[in-house]
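Naming: A, B, ... by sequence-line order, numbering from 1 per chain.
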Amino acid sequence: MAGRSLSEVRTTHVRTARHNSGPRELDERLRGRVVLGVGRKGKFLVGALDDGQTLVAHLGMSGRFTVGDPLDAEPAHTHFRALLDNGVEVRFVDPRTFGFVAVFDDDELAGSGFSRLGPDAWVETPSTEALQAALSTRTAPIKALLLDQVVVSGLGNIYADEALHIAGIHPLRPGQDLSADELGRLLAAIRSVLDLAIDNGGTSLDDLAYLLPDGRAGANLNRLAVYGRTDLPCLECGAPIERMVIRSRSSHFCPDCQAIRR
DNA sequence: ACCTCCCTGGCC
DNA sequence: GGCCAGGGAGGT
């Protein structure tokens, strides 16, 4: 996509364009623009445009981009298409419409969720000291804080559970109570969880909402130690994995390896 | 700091 | 027929 201009853009679902005034405005602001480069921070995809605007996209729960021939059969729930000047069509397919595509000028970008993101968990993993400072006033459960993209960005429910398990930290521990030693272990765990997931092509669940760009399923599901393993034995100690709801998100943890007091 | 909402496919 | 999954925005 980088270096190509968008000769035609068509958004066909209002929710996909909800961060702009509507599908028509999004299409008009994108049409004819050149994408100078693309990148990522946290779970947001970003592209720099030749007129200074920024293209921002989020896959949400079920979104994916496809790249192919405009004549290819169109999958259900295709909500956005952009024809590039090389004849390739980029499509955004998103059944649950939690994802979006947006174009922002600098002011709009500054007011968007993108500008509030904390350091990327993988590219700019914070130091123990920086994390401790960020958590020093936070009393919420560490699990909730890992999902709050303002502390560290890029972790979702699966990898937050996995990282806490590796680090041996109970998901309900208040953020500010964690020691430097624990936070150091947590940061190392975040790195290793993401490294493993990336090496395995990501975590495709049974619903196959997430797939690799070539359409294959990622193989990380059977590398998960706690997520989705409620009542199954902990791979470290054999204790049954427990599930509890924290901030209306499921949390999976080993009551032994992640004792609330240690 | 907390809650509700959004949405569809899959499952019971 | 109804519930569950969950990322982020918006409201209180």
Below 4.0 angstrom from OP1 or OP2 of dA1(B), is there any side-chain N or O of R247(A)?
no

Please walk me through it: do S5(A) and R33(A) pass side chain to side chain donor-acceptor pair (under 3.5 Å)?
CA-CA 5 Å; S5(A) 75; R33(A) 300 276 58 78; over 6 Å; no

Exercise: do R29(A) and Q53(A) side chains pair donor with acceptor under 3.5 Å
yes

Assess the side chains of S250(A) and Y227(A): does a donor N or O sit below 3.5 Å from an acceptor N or O?
no

Can you check the L172(A) CG to dC2(B) P distance for me, whole Å?
12 Å

Earlier contact from the 5' end, DNA chain B, for A76(A) and T139(A)
T139(A)

Treat primed atoms plus P, OP1 and OP2 as sugar-phosphate and everything else as base, then score nucleotides 5-12 of chain C 5' to 3': B for base contact with protein heavy atoms under 4.0 Å, S for sugar-phosphate contact only, - for none.
BBBBS---

What's the CG-P distance between D94(A) and dT8(B), to the nearest Å?
10 Å

D206(A) or L145(A), whichever maps to the more 5' nucleotide of DNA chain B:
L145(A)

Roughly, in whole Å, what's the span from NE2 in H13(A) to C1' in dC6(B)?
11 Å

Using the side chain to side chain donor-acceptor pair (under 3.5 Å) rule, take S62(A) and R96(A) through it: C-alpha gap first, then chi angles, then the decisive distance, then the call.
CA-CA 6 Å; S62(A) 59; R96(A) 289 188 216 176; 4.8 Å; no

Are H79(A) and F92(A) close enough, and set up right, to give a ring pair (Phe, Tyr, Trp, His ring centres under 6.0 Å), and what steps lead you there?
CA-CA 6 Å; H79(A) 303 319; F92(A) 182 61; 7.3 Å; no

Is it true that H77(A) and D94(A) share a donor-acceptor pair across their side chains at a distance under 3.5 Å?
no

